[in-house]
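What follows is a short report on a single structure.
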Amino acid sequence: MTELVEGQKAPDFTLESTAGPITLSALLEQADKGVIVYFYPKASTPGCTTQACDFRDNLNSLLGAGYTVVGVSADSMEALERFAQKQSLNFPLATDPSKEMLTAWGVWGEKKNYGKIFQGIKRSTIVIGKDGVIVLAKYNVKATGHVARLRKELGIDQ
């Protein structure tokens with residue numbers, strides 16, 4: 001698994017989402033400044049709920065700064081719809097059950113949890129500029145406080 005790096009062109013994707021089919025190219029066309037794609041291991045788990053609600057609560061300021069947000073996991077569409085509804089999420093959640101996009105973006109691979117090694121999604125966030133080039137690539141991020149750190153790095157909060 002190769003992680004994406006800043007300055008690299010982001011691979012396009014087409015995924016089913018809670019807002020219908022989405023592509024990176026279409027999201028970039030609609031965004032003023034860029035797209036924030038965040039990856040989370042499993043809907044409705046404590047860390048993923050914290051992270052999703054953090055994006056939900058900060059969405060207006062992210063949109064105001066010109067960024068669109070989409071969350072991606074390998075969960076079923078039914079699980080994503082339940083999660084989005086229960087948490088009143090105001091941005092699309094996309095599913096990649098084949099793990100093709102997750103692998104291409106460097107977020108699917110070996111993880112260690114409580115000493116056990118397994119395959120899974122590394123909690124990560126990639127910010128793609130309007131031109132399709134990665135401006136920020138953060139892997140293995142912490143769920144708590146992540147959006148505040150992201151806002152600072154993007155210059156939204158000084």
Side-chain angles (χ1 to χ4, degrees), residues 1-43 47-75 77 79-81 83-85 87-109 121-158:
M1 168 180 67
T2 305
E3 293 181 351
L4 301 179
V5 294
E6 294 161 16
Q8 178 181 357
K9 188 93 166 149
D12 200 2
F13 61 80
T14 302
L15 296 173
E16 286 299 318
S17 83
T18 52
I22 58 171
T23 64
L24 176 60
S25 49
L27 292 170
L28 285 170
E29 277 179 32
Q30 297 162 3
D32 290 334
K33 208 162 190 182
V35 176
I36 297 169
V37 182
Y38 84 91
F39 300 89
Y40 59 98
K42 189 157 180 60
C48 297
T49 300
T50 296
Q51 186 179 24
C53 292
D54 203 5
F55 274 107
R56 177 198 65 203
D57 297 345
N58 284 280
L59 187 65
N60 286 338
S61 68
L62 293 169
L63 290 172
Y67 294 99
T68 299
V69 174
V70 62
V72 181
S73 75
D75 291 313
M77 187 54 65
L80 296 182
E81 288 168 346
F83 184 44
Q85 185 174 16
Q87 301 304 328
S88 302
L89 300 181
N90 47 4
F91 55 87
L93 297 177
T95 181
D96 181 20
S98 71
K99 301 170 189 74
E100 242 177 81
M101 183 262 196
L102 297 169
T103 301
W105 284 58
V107 298
W108 179 261
I121 296 173
K122 293 180 184 179
R123 189 181 310 280
S124 307
T125 300
I126 313 292
V127 181
I128 304 96
K130 185 82 174 151
D131 59 0
V133 174
I134 297 166
V135 295
L136 207 56
K138 299 289 180 185
Y139 289 86
N140 296 309
V141 300
K142 300 260 184 272
T144 305
H146 173 60
V147 176
R149 289 187 296 277
L150 184 63
R151 290 166 49 93
K152 208 166 243 164
E153 289 186 67
L154 292 173
I156 297 169
D157 294 339
Q158 298 304 323

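In what follows, residues are counted from 1 in the order of the sequence shown.
Taking CG of L4 as the start and CD1 of I128 as the end, the distance is 8.5 Å to the nearest 0.5 Å. Going from atom CD1 of I36 over to atom CG of L136 covers 9.0 Å, rounded to the nearest 0.5 Å. Atom NZ of K99 sits about 4.5 Å away from atom CH2 of W108, to the nearest 0.5 Å. Put simply, CG on L102 and CD1 on I121 are 4.5 Å apart, with the number rounded to the nearest 0.5 Å. Of the inter-residue distances, the one linking T125 atom OG1 with Q51 atom CD reads 5.5 Å to the nearest 0.5 angstrom. How far CD of E16 is from CG of D96: 11.5 Å, rounded to the nearest 0.5 Å.
Taking 4.5 Å as the limit, some side-chain heavy atom of C48 sits within range of a side-chain heavy atom of R123. Side-chain contact between F55 and N90 is absent, with no heavy-atom pair separated by less than 4.5 Å. With a 4.5 Å cut-off on side-chain heavy atoms, K42 and S73 do not count as touching.
Side chain of S124 to backbone of K122: a donor-acceptor contact under 3.5 angstrom is found. A distance-only check finds a donor-acceptor pair linking the side chain of D12 to the backbone of L24 [under 3.5 Å]. Y40 contributes no side-chain N or O that, together with a main-chain N or O of G47, makes up a donor-acceptor pair within less than 3.5 Å.
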Working for side-chain contact (heavy atoms from CB on, under 4.5 Å), residues T18 and F91: CA-CA 9 Å; T18 52; F91 55 87; over 6 Å; no

Full working for side-chain contact (heavy atoms from CB on, under 4.5 Å) between V72 and V107: CA-CA 10 Å; V72 181; V107 298; over 6 Å; no

Intermediate values then yes/no, side-chain contact (heavy atoms from CB on, under 4.5 Å), D75 and F83: CA-CA 10 Å; D75 291 313; F83 184 44; over 6 Å; no

Working for side-chain contact (heavy atoms from CB on, under 4.5 Å), residues V141 and Y38: CA-CA 10 Å; V141 300; Y38 84 91; over 6 Å; no

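Classification of the F39-W105 ring pair by plane angle, with boundaries at 30° and 60°, yields tilted.
Legend: salt bridge (charged side-chain N to carboxylate O under 4.0 Å, His left out) pairs involving residues 129-142, not counting sequence neighbours, sorted by first then second residue: K138-E153. Applying the side chain to side chain donor-acceptor pair (under 3.5 Å) test to every pair with at least one member in residues 58-72, sequence neighbours left out, gives these pairs: D54-N58, S61-R151.
Shortest non-hydrogen contact noted between Q87 and C53 is OE1-SG, 3.4 Å. Here the closest heavy-atom approach between residue A79 and residue A43 is recorded as O-CB, 4.3 Å. In this structure, A10 and I134 approach most closely via the heavy-atom pair CB-CG1, 4.0 Å. In terms of heavy-atom proximity, G66 sits nearest to A31 at O-CB, 3.9 Å.
In terms of the side chain to side chain donor-acceptor pair (under 3.5 Å) criterion, E100 has no residue partners (sequence neighbours excluded).
In the displayed structure, K33 atom NZ is contacted under 6.0 Å by at most 12 heavy atoms of other residues, nucleotides or ligands.
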